[in-house]
Amino acid sequence: CHIAHTLNALVAINHLLDGHPLAAHSPPLPLDGYLLLLNKLSKVTKDKNPFERGFKETLDTAVNTLADLENQLLALQKNEQQTSGIHNLHVGYTRVFGYYFEVTKSKLNQIPPHFKRKQTLAGGERYVTDALKNIEEKLLFAQAQIADEEKKIFLELTQLVFKNVSLLQQACVYLAQ
């Protein structure tokens with residue numbers, strides 16, 4: 001990641017310039033947190049949350065909310081399995097239809113009255129309930145909050161780097177001499 005290399009360079013240059021007049025023009029930078037973030041991001045492949053806990057409280061809150069809602073979703077699935085007697089009932093998600101309960105054709109005669117048909121499949125049906133819709137709304141909101149917080153962090157990071165480009169260039173000229 002080029003930004004990570006630049007921030008690493010800023011930290012090294014700050015140490016090398018200690019006591020030099022250029023160092024007096026260097027604003028205090030919260031580089032440690034951003035470097036921690038970038039080191040983590042560079043290792044991310046399919047991690048749901050690429051940011052270290054504790055990096056930003058608002059992000060942590062949104063991530064915790066999402067985890068709680070995912071647990072509520074699993075609890076709702078388990079509750080519906082137990083109350084309906086449909087043990088192979090499961091929650092699924094598609095971007096087009098959202099969250100749903102899927103029931104195979106062999107269990108359609110056990111569908112509870114509060115289930116509302118959403119989609120017919122070759123091997124079964126998909127249903128929604130008011131409780132499932134409620135959790136879905138909250139899940140989507142939490143996911144949007146996380147995306148917003150991650151975007152804010154990235155923008156802060158890029159602004160930090162761009163704001164200090166001239167300092168970095170001056171320091172490079174000095175170090176090259």
Side-chain angles (χ1 to χ4, degrees), residues 1-4 7-8 29-162:
C1 177
H2 298 298
I3 295 173
L7 286 175
N8 278 314
L29 302 175
L31 295 176
D32 293 339
Y34 286 107
L35 286 172
L36 177 69
L37 163 76
L38 287 168
N39 288 334
K40 175 78 172 164
L41 280 175
S42 65
K43 297 172 186 156
V44 170
T45 54
K46 293 186 179 181
D47 192 356
K48 282 186 176 183
N49 183 17
F51 300 99
E52 294 283 344
R53 290 211 182 257
F55 184 75
K56 194 166 187 182
E57 187 178 340
T58 52
L59 179 60
D60 288 347
T61 300
V63 168
N64 291 338
T65 299
L66 182 63
D68 290 344
L69 289 165
E70 288 171 342
N71 287 334
Q72 287 179 33
L73 192 62
L74 292 173
L76 179 63
Q77 174 181 303
K78 189 173 184 175
N79 182 54
E80 291 294 352
Q81 287 172 336
Q82 290 172 347
T83 58
S84 69
I86 305 172
H87 298 290
N88 65 349
L89 175 139
H90 70 275
V91 173
Y93 175 81
T94 66
R95 284 189 286 181
V96 175
F97 293 105
Y99 286 90
Y100 56 83
F101 289 113
E102 190 164 321
V103 180
T104 59
K105 278 189 176 180
S106 63
K107 302 291 184 176
L108 292 179
N109 61 337
Q110 294 177 261
I111 298 297
H114 66 281
F115 273 42
K116 298 170 191 147
R117 182 177 286 123
K118 191 166 192 174
Q119 185 182 17
T120 300
L121 306 169
E125 302 278 341
R126 290 180 177 168
Y127 295 88
V128 294
T129 64
D130 291 338
L132 183 60
K133 285 182 190 178
N134 184 34
I135 293 173
E136 177 180 23
E137 282 179 28
K138 292 176 182 176
L139 275 166
L140 296 175
F141 183 74
Q143 290 167 347
Q145 280 185 311
I146 290 169
D148 286 347
E149 287 299 322
E150 289 173 346
K151 184 177 178 180
K152 285 178 190 174
I153 291 169
F154 183 76
L155 289 174
E156 288 172 13
L157 177 61
T158 54
Q159 288 171 356
L160 175 71
V161 171
F162 289 127

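Distance check, rounded to the nearest 0.5 Å: NE2 of H87 to CD of Q110 gives 8.0 Å. Between Q119 atom CD and E102 atom CD the span is 8.5 Å, to the nearest 0.5 Å. Between L76 atom CG and L69 atom CG the span is 11.5 Å, to the nearest 0.5 Å. Here I135 contributes atom CD1 and Q77 contributes atom CD; the two are 11.0 Å apart, rounded to the nearest 0.5 Å. One finds the CG atom of N134 at 8.5 Å from the CD atom of Q72 (value rounded to the nearest 0.5 Å).
Side-chain polar atoms of T120 and E125 form a donor-acceptor pair below 3.5 angstrom. Using modelled atom types, one finds no donor on one side chain facing an acceptor on the other under 3.5 Å when comparing H90 with E80.
When side chains are defined from C-beta on, L132 does not count as touching E136, because their heavy atoms never get closer than 4.5 Å. By the 4.5 Å heavy-atom criterion applied to side chains, Y127 and R117 are counted as neighbours. Within the 4.5 Å cutoff, the side chain of E70 has heavy atoms near those of the L139 side chain. Proximity of L73 to N71: side-chain heavy atoms (C-beta onward) are nowhere separated by under 4.5 Å. Contact annotation: the side chain of Y99 never approaches that of V128 to less than 4.5 Å [non-hydrogen atoms, C-beta and beyond]. Between Q81 and I86 there is no side-chain heavy-atom pair separated by less than 4.5 Å. Between R126 and L121, some side-chain heavy-atom pair lies under the 4.5 Å cut-off.
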Residues K116, T129; criterion side chain to side chain contact (heavy atoms under 4.5 Å, CB included); working and verdict:
CA-CA 6 Å; K116 298 170 191 147; T129 64; over 6 Å; no
L59 and E150: CA distance, side-chain angles, deciding distance, side chain to side chain contact (heavy atoms under 4.5 Å, CB included) verdict:
CA-CA 8 Å; L59 179 60; E150 289 173 346; 4.3 Å; yes
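Judged by distance alone, the side chain of N64 and the main-chain N or O of D60 form a donor-acceptor pair under 3.5 Å.
Around atom NZ of K118, more than 12 heavy atoms belonging to other residues, nucleotides or ligands sit under 6.0 Å away. Counting non-hydrogen atoms of neighbouring residues, nucleotides and ligands closer than 6.0 angstrom, the OH atom of Y93 exceeds 12 such neighbours.
The heavy-atom pair separating I146 from A62 by the smallest distance is CG1-CB, 3.6 Å. Scanning all heavy atoms of the two residues, the minimum distance from L89 to V103 falls at CD1-CG2, 3.9 Å. Residues A142 and T65 approach most closely at CB-CG2, 4.3 Å, considering heavy atoms.
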